[in-house]
Amino acid sequence: MNLNPKSAKMLDYFASQMVKVSKPGIFWLAIATVFIIGGFYALIVQIVEGHIVTGMRDNVVWGIFIANFIFFIGISYAGALISGILHLLRVEWRTPIIRIAEIITVISTLIGPAYILLCMGRLDRLHHLALFGRIQSPIIWDVMAITTYLIGSIIFLYLASIRDLAALRDYPFKSKWRNKIYTILAIGFNGTPKQNRYLDRSLDIMSAIIIPLAILVHSVLAWIFGMTLRPGWHSTIFAPYFVVAAVFSGTGVLIIALWIFRKYYKLESYITKIHFNYLGIILMILGALYAYFTFSEYLTSWYGSETWEMEVLYKLFNPNEYWWWFFFAAIIGVVLPIIVILIPKFRNINSITAVSVIAVLALWVKRYLIIIPTLEAPLLPLQDMRPEYIHYTPTIIEWLLTFAGVALFCVLFFLFSKFMPILPVVKADEGNYAELRKTVLKRIVKEKMKETEIKESEKMKDL
Amino acid sequence: MEKGKNKQSRRKFISKTVPAALGAIGGVGLVAQSCNTTEEEEKVSLLTPDGQLVEVNKSSMQPVSPAEARKGIPGKQFVMVIDLSRCKNARKCVTKCQKMHDLPPEDEWIKVFLMQDSSDTAPYWFPKPCFHCNQPPCVKVCPVGATYKRTDGLVLVDNERCIGCKFCMTACPYSSRVFQWKEPKETNFADREYSPETSTPHKVGTVGKCDFCPDMIRQGKLPDCVSGCPNGVIFFGNKKEDIVSNGTESFRFSELIHDRAGYHFMAELGTEPNVYYLPPVDRLFDYEKGFNNLTDEQVEFYKKSIVKKH
Ligand code: SF4
Ligand code: SF4
């Protein structure tokens with residue numbers, strides 16, 4: 001493949017990064033491995049002793065496993081929606097973030113469903129889904145939607161990587177196995193005009209497919225809850241509410257990932273403040289939308305004040321139960337990002353990343369609050385003298401498995417970055433950063449000038 | 001005055017309906033069973049649906065296979081009527097059900113709640129089995145058909161098919177389902193062949209619930225909670241034959257429901273339960289009687305967690 005000088009330089013840089021692991025890299029990898037081993041241990045305990053080792057009981061039959069499941073499927077939206085839409089709209093600044101977004105999608109769609117499996121009492125009967133599957137059940141919808149989604153996102157990631165795989169194939173690595181793998185994966189791509197045309201077409205088609213698919217996946221997920229006759233779940237806006245929350249958290253994770261890779265691989269000249277600003281603005285808009293959904297969801301149930309709905313609301317608004325968590329998840333986690341991103345003075349790479357961390361944490365807590373308080377307030381309350389049957393507390397086993405999932409996410413991400421350049425190399429010059437930066441700079445200068453002008457004129461008035 | 005009238009009409013019912021009732025209850029169990037009886041085998045007498053008394057082998061009364069258990073007993077539509085005016089929380093239905101189904105004391109397939117419709121009304125005891133709904137949300141959501149509705153109205157769980165996803169537990173609005181969180185300890189029936197009709201032996205990681213004792217029904221007996229109740233609170237029978245009985249008294253189902261203002265619990269959910277309640281009017285016991293066989297701690301707990309909804 002013929003590369004232009006810029007791409008060749010990038011390829012050189014990434015190829016040298018890919019074959020070595022830095023000291024901090026090893027350190028974090030070791031920590032993640034410890035967590036994964038912890039999770040493995042917890043998994044064995046759960047399989048041997050049964051679900052009794054979790055905090056789940058007859059009242060709260062789903063715990064943080066399901067919260068994790070929604071969370072991971074939620075962050076998978078980064079690739080599907082964000083990069084799909086940016087691709088279709090030909091947004092210029094998308095190039096350096098698109099691959100990272102797509103990797104997030106694939107990895108989290110792999111890890112998320114694992115939590116559903118952890119929640120199943122009889123893992124050994126998984127094949128019953130194929131043998132006896134009933135299309136009436138939202139779980140079957142979910143199984144079908146998620147498998148399609150996973151395959152779709154892998155295809156999307158793969159198509160978007162073929163050019164780079166071809167470039168890597170032609171790169172003289174020391175260890176020959178790499179070249180062998182790249183040769184297979186590049187399926188003879190040479191960048192001929194015809195190949196390029198086909199590839200672009202397929203990418204367009206895939207990104208058009210992946211957007212409705214992503215929306216469907218999260219809607220089906222929401223319907224698992226929405227279809228039941230439970231206060232706090234049986235809501236018509238649950239599907240769009242889940243979708244918005246998912247894109248919100250997906251964008252948050254994307255920003256965090258950009259920040260980490262920018263630091264770790266020293267990509268300051270590729271991933272710039274512009275990207276953070278634009279993604280920040282997307283995050284802010286989504287945050288506002290999410291807050292709007294939250295507000296209308298809880299306002300209607302509070303105003304209607306049906307006994308059943310109120311039971312859940314009492315739990316959420318009671319300072320002794322979930323109020324502080326709710327306050328963090330529904331208010332702090334939204335208002336803070338909006339304020340920080342809205343006010344230009346506060347807006348910089350680190351602050352945008354920090355509020356993204358808060359938003360992502362808040363969204364995890366929100367998933368917890370969607371599941372647990374509702375299950376703790378069934379229509380017919382259990383008159384049960386065992387407190388653990390009334391109130392759910394996650395056990396150490398559940399936490400271990402949760403952290404193991406996060407650690408696995410990071411490790412897989414890291415491993416991927418050792419296999420492929422984390423930014424698209426071949427098409428690197430598509431979005432012309434220099435141009436882009438110039439326009440933005442110009443705009444900033446203009447604004448500054450306007451500001452000083454206004455100040456001057458105010459001063460004149462005072463005089 | 002009203003009470004007297006009630007009693008009278010009840011007596012009238014009984015005299016009218018007892019023969020029919022016996023036939024109905026006795027014949028409940030009969031599906032064409034083969035009758036090649038050998039001398040030494042224990043026999044059971046059963047009434048066929050057309051009223052004939054026959055004897056069959058006890059061994060042919062073995063629990064039916066999971067495939068057979070999906071079909072339902074022909075010509076039946078089982079209903080339960082629970083008379084709240086008679087319940088004093090004797091809890092015999094609970095313990096007998098647990099014995100019958102090999103359940104540990106903490107797992108209750110029929111529960112007795114202390115309820116109160118509003119703070120001005122008197123509390124009452126409320127036994128609650130699975131309602132075997134005609135529009136069962138639990139069946140709708142099961143991904144593998146492990147919980148299913150039969151032609152005779154029963155909703156059963158096949159623990160050999162259940163994958164333990166617990167979706168049915170979140171879907172059941174009446175909290176009727178219980179999960180096997182750990183390997184079951186009690187194994188009285190461990191050597192028994194599993195059947196959804198006996199719900200035993202239990203399997204870890206699957207869901208259980210009240211099954212209306214179809215194995216008992218097949219033997220021509222009443223479910224254990226019905227025969228276990230010392231106060232005759234629970235009536236059971238076949239809606240198609242319009243008869244319900246608590247073992248000592250029998251009523252025409254339609255008239256009982258009509259005369260005593262029978263109702264569905266939380267009918268607004270649209271689940272169409274097959275369990276009817278008779279309101280707690282003209283009570284036989286004061287609700288505080290129900291505290292008699294409880295520990296102080298339990299009484300305290302019940303009083304605190306009284307269910308204020310209807
Ligand atoms: S009461 Fe619950 S478990 Fe029983 S049939 Fe109805 S929905 Fe299903
Ligand atoms: S727990 Fe078992 S019976 Fe209930 S929905 Fe899942 S598979 Fe069906």
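Below, chains carry the letters A, B, ... as their sequence lines are ordered, and counting in each starts from 1. Note that the structure is a prediction, hence the values are computed from the model and not measured.
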Inset, instruction - Start with the C-alpha gap between A:Leu126 and B:Ile163, add the side-chain angles, then the distance that decides, and say whether side chain to side chain contact (heavy atoms under 4.5 Å, CB included) holds. - result: CA-CA 7 Å; A:Leu126 198 57; B:Ile163 59 170; 5.9 Å; no

Legend entry - Pick from B:Cys142, B:Pro143, B:Gly164 with the largest number of heavy-atom pairs that fall under 4.5 Å of chain A: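 Of the candidates given, the most pairs with chain A belong to B:Pro143.
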
Report which part of [X] has an atom under 4.5 Å of a heavy atom belonging to chain A: side chain, backbone, both, or neither.
X	answer
B:Lys304	neither
B:Gln298	both
B:Lys166	both
B:Glu108	neither
B:Asp158	neither
B:Phe113	both

Main chain of [Y], side chain of [X]: is a donor-acceptor contact present, judged purely on distance under 3.5 Å?
X	Y	answer
A:Arg125	B:Cys162	yes
A:Thr228	B:Ala171	no
A:Arg230	B:Thr170	yes

Part of [X] lying under 4.5 Å from any heavy atom of chain B:
X	answer
A:Leu129	both
A:Gln136	both
A:Met227	neither
A:Trp233	side chain
A:Ile390	neither

Can you give me the closest heavy-atom contact between [X] and [Y], atom names plus distance?
X	Y	answer
B:Pro137	A:Leu229	CG-CD1, 4.3 Å
B:Phe179	A:Gly121	CZ-CA, 3.9 Å
B:Ser175	A:Pro378	OG-CB, 3.7 Å
A:Ile139	B:Cys165	CD1-SG, 3.8 Å
B:Val139	A:Arg134	O-NH1, 3.1 Å

Inset, instruction - Validate the cation-pi geometry between B:Arg161 and A:Phe132: distance from NZ or CZ to the six-membered ring centre under 6.0 Å, angle to the ring axis within 45°. - result: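 Yes; both conditions hold, so B:Arg161 lies above the ring face of A:Phe132.
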
Considering only heavy atoms from C-beta outward, does the side chain of [X] approach that of [Y] to under 4.5 Å?
X	Y	result
B:Val204	A:Arg122	yes
B:Glu183	A:Glu49	no
B:Val307	A:Leu380	yes

Legend entry - Validation row, ring centre B:Trp181 to ring centre A:Tyr389 under 6.0 Å: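 Not under 6.0 Å, so no.
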
Legend entry - Options A:Ala130, A:Gly50, A:Pro138, ranked by heavy-atom pairs under 4.5 Å with chain B, top entry: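 That would be A:Pro138.
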
Legend entry - Option that, when pairs with chain B are counted at under 4.5 Å, heavy atom only, ranks first among A:Asp142, A:Asp58, A:Leu375, A:Asn59: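 Heavy-atom pairs under 4.5 Å are most numerous for A:Asp58.
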
Legend entry - More than 12 heavy atoms of other groups within 6.0 Å of B:Lys96 NZ: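 Counting neighbours around NZ of B:Lys96, more than 12 heavy atoms of other residues, nucleotides or ligands fall under 6.0 Å, so yes.
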
Inset, instruction - For atom CH2 of A:Trp323, decide whether the heavy atoms of other residues, nucleotides or ligands shown that lie under 6.0 angstrom number more than 12. - result: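 Check passes, neighbour count above 12.
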
Legend entry - Stepwise side chain to side chain contact (heavy atoms under 4.5 Å, CB included) check, A:Leu379 with B:Tyr174: CA-CA 7 Å; A:Leu379 295 186; B:Tyr174 307 109; over 6 Å; no

Inset, instruction - Tell me, with the steps shown, if B:Val178 and A:Arg57 meet side chain to side chain contact (heavy atoms under 4.5 Å, CB included). - result: CA-CA 9 Å; B:Val178 172; A:Arg57 290 296 181 271; over 6 Å; no

